[in-house]
Amino acid sequence: MANTSKKKILNPKNDLWVSNFRGKSPDYRKGYLAGKESNMATINALLEKNTSLAADYTSRAIEILRSFGISPIDAYLKINRASHMNVLITMSETDYLSQNLISAIDSISTLEDSVQSELFGITYSFTDKSEFFDHTAVNSDGFSYKHKTLISD
């Protein structure tokens with residue numbers, strides 16, 4: 001049998017729940033907003049740190065490619081979440097089909113593995129930048145940022 005001395009909270013889906021606070025209504029909104037503000041500050045700090053790390057590691061990946069005789073054209077950043085980034089590196093079709101790219105990818109894969117953690121991850125992808133390369137498609141896929149050292153357009 002329900003205790004009728006407790007305040008009823010009307011729920012559009014079910015009106016059988018009653019308040020357990022006996023007339024006292026805590027300010028949930030104030031706590032929610034404080035928690036939300038704190039979480040956003042933490043996420044923003046992590047995002048800022050990780051985009052900086054992504055730029056540093058992408059510079060290393062570019063140097064690795066160059067050490068194998070490959071000339072990257074552009075590097076695009078996609079932020080999947082505050083703790084994981086994707087980078088798309090473009091190069092000429094000749095470099096993309098080169099046997100040296102396989103060796104370079106092995107080295108870059110080692111770099112990827114060495115920097116992975118619970119709070120940061122990065123994945124590199126490679127493609128050729130032919131006449132059919134579509135910047136709009138790259139942007140639509142979420143690669144919204146371009147590495148400054150390789151800006152060619």
Side-chain angles (χ1 to χ4, degrees), residues 9-17 19-20 25-153:
I9 299 174
L10 294 179
N11 183 329
K13 295 179 184 170
N14 187 338
D15 65 352
L16 297 177
W17 289 99
S19 172
N20 215 13
S25 180
D27 187 2
Y28 290 110
R29 183 165 170 74
K30 185 177 178 182
Y32 168 78
L33 292 175
K36 181 179 177 184
E37 187 176 308
S38 174
N39 284 343
M40 288 305 294
T42 302
I43 290 168
N44 285 336
L46 181 63
L47 185 59
E48 188 175 321
K49 178 184 174 192
N50 286 348
T51 53
S52 179
L53 285 172
D56 292 344
Y57 293 131
T58 298
S59 293
R60 285 192 201 173
I62 290 166
E63 289 306 314
I64 290 170
L65 288 167
R66 288 179 176 155
S67 74
F68 283 92
I70 296 167
S71 299
I73 298 171
D74 290 315
Y76 299 93
L77 176 68
K78 176 181 180 178
I79 301 171
N80 292 324
R81 56 185 178 276
S83 61
H84 193 269
M85 316 282 165
N86 279 36
V87 176
L88 175 66
I89 298 177
T90 63
M91 60 199 67
S92 70
E93 186 176 5
T94 305
D95 283 342
Y96 186 70
L97 298 175
S98 151
Q99 199 61 31
N100 289 342
L101 181 59
I102 295 170
S103 301
I105 288 174
D106 285 343
S107 295
I108 292 170
S109 180
T110 301
L111 171 67
E112 281 178 351
D113 293 343
S114 70
V115 301
Q116 301 294 335
S117 73
E118 221 175 274
L119 297 177
F120 178 76
I122 192 163
T123 305
Y124 292 96
S125 303
F126 306 91
T127 190
D128 67 319
K129 191 169 185 179
S130 67
E131 61 191 76
F132 302 108
F133 186 81
D134 186 358
H135 288 279
T136 305
V138 170
N139 286 334
S140 293
D141 284 343
F143 291 93
S144 303
Y145 302 94
K146 195 185 258 191
H147 198 277
K148 284 184 177 179
T149 61
L150 294 174
I151 293 180
S152 63
D153 293 341

Contact between [X] and [Y] at the side-chain level, heavy atoms closer than 4.5 Å - yes or no?
X      : Y      : value
His147 : Val87  : no
Val115 : Ile122 : yes
Ile79  : Leu77  : yes

Side-chain donor/acceptor of [X] to backbone N/O of [Y], under 3.5 Å:
X      : Y      : value
Glu93  : Lys129 : no
Ser109 : Ile105 : no
Glu112 : Ile108 : no
Asp95  : Leu101 : no
Ser67  : Ile64  : yes

Item to check | side chain to side chain donor-acceptor pair (under 3.5 Å) contacts in which one or both residues fall within residues 97-108, not counting sequence neighbours | outcome: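 As it turns out, there is no side chain to side chain donor-acceptor pair (under 3.5 Å) pair with a partner in residues 97-108 once direct neighbours are skipped.
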Checklist entry - Taking it one step at a time, do Phe126 and Leu65 satisfy side chain to side chain contact (heavy atoms under 4.5 Å, CB included)? => result CA-CA 11 Å; Phe126 306 91; Leu65 288 167; 4.2 Å; yes
Distance (rounded to the nearest 0.5 Å) between [X] [atom1] and [Y] [atom2]:
X      : Y      : atom1 : atom2 : answer
Phe143 : Thr90  : CZ    : OG1   : 11.5 Å
Ile62  : Ile70  : CD1   : CD1   : 12.5 Å
Ile89  : Thr58  : CD1   : OG1   : 6.0 Å
Asp128 : Phe133 : CG    : CZ    : 9.0 Å
Asn44  : Lys49  : CG    : NZ    : 15.0 Å

Item to check | Note: Glu63-Arg66 ion pair, threshold 4.0 Å (strictly below) | outcome: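 A salt bridge links Glu63 with Arg66.
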Checklist entry - Do Asp141 and Lys78 meet the salt-bridge criterion of a basic N to acidic O distance under 4.0 Å? => result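 No, no charged N to carboxylate O under 4.0 Å.
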Next on the checklist: With a 6.0 Å cut-off (strictly less than), is the heavy-atom count around CD of Glu48, excluding the residue itself, greater than 12?
Outcome noted: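 No.
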Checklist entry - When you look at CZ of Phe68, are more than 12 heavy atoms from neighbouring residues, nucleotides or ligands closer to it than 6.0 Å? => result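 Yes, because the 6.0 Å sphere around CZ of Phe68 holds more than 12 heavy atoms from other groups.
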Checklist entry - Given the rule in the side chain to side chain contact (heavy atoms under 4.5 Å, CB included) test, do Met85 and Leu47 qualify, once you have shown the distances and angles that lead to the verdict? => result CA-CA 10 Å; Met85 316 282 165; Leu47 185 59; 4.1 Å; yes
Checklist entry - Relative to the ring of Tyr76, is the ring of His135 parallel (under 30°), tilted (30 to 60°) or perpendicular (over 60°)? => result perpendicular
Item to check | Verdict with reasoning, Ser59 to Asp56, per side chain to side chain contact (heavy atoms under 4.5 Å, CB included) | outcome: CA-CA 5 Å; Ser59 293; Asp56 292 344; 5.6 Å; no
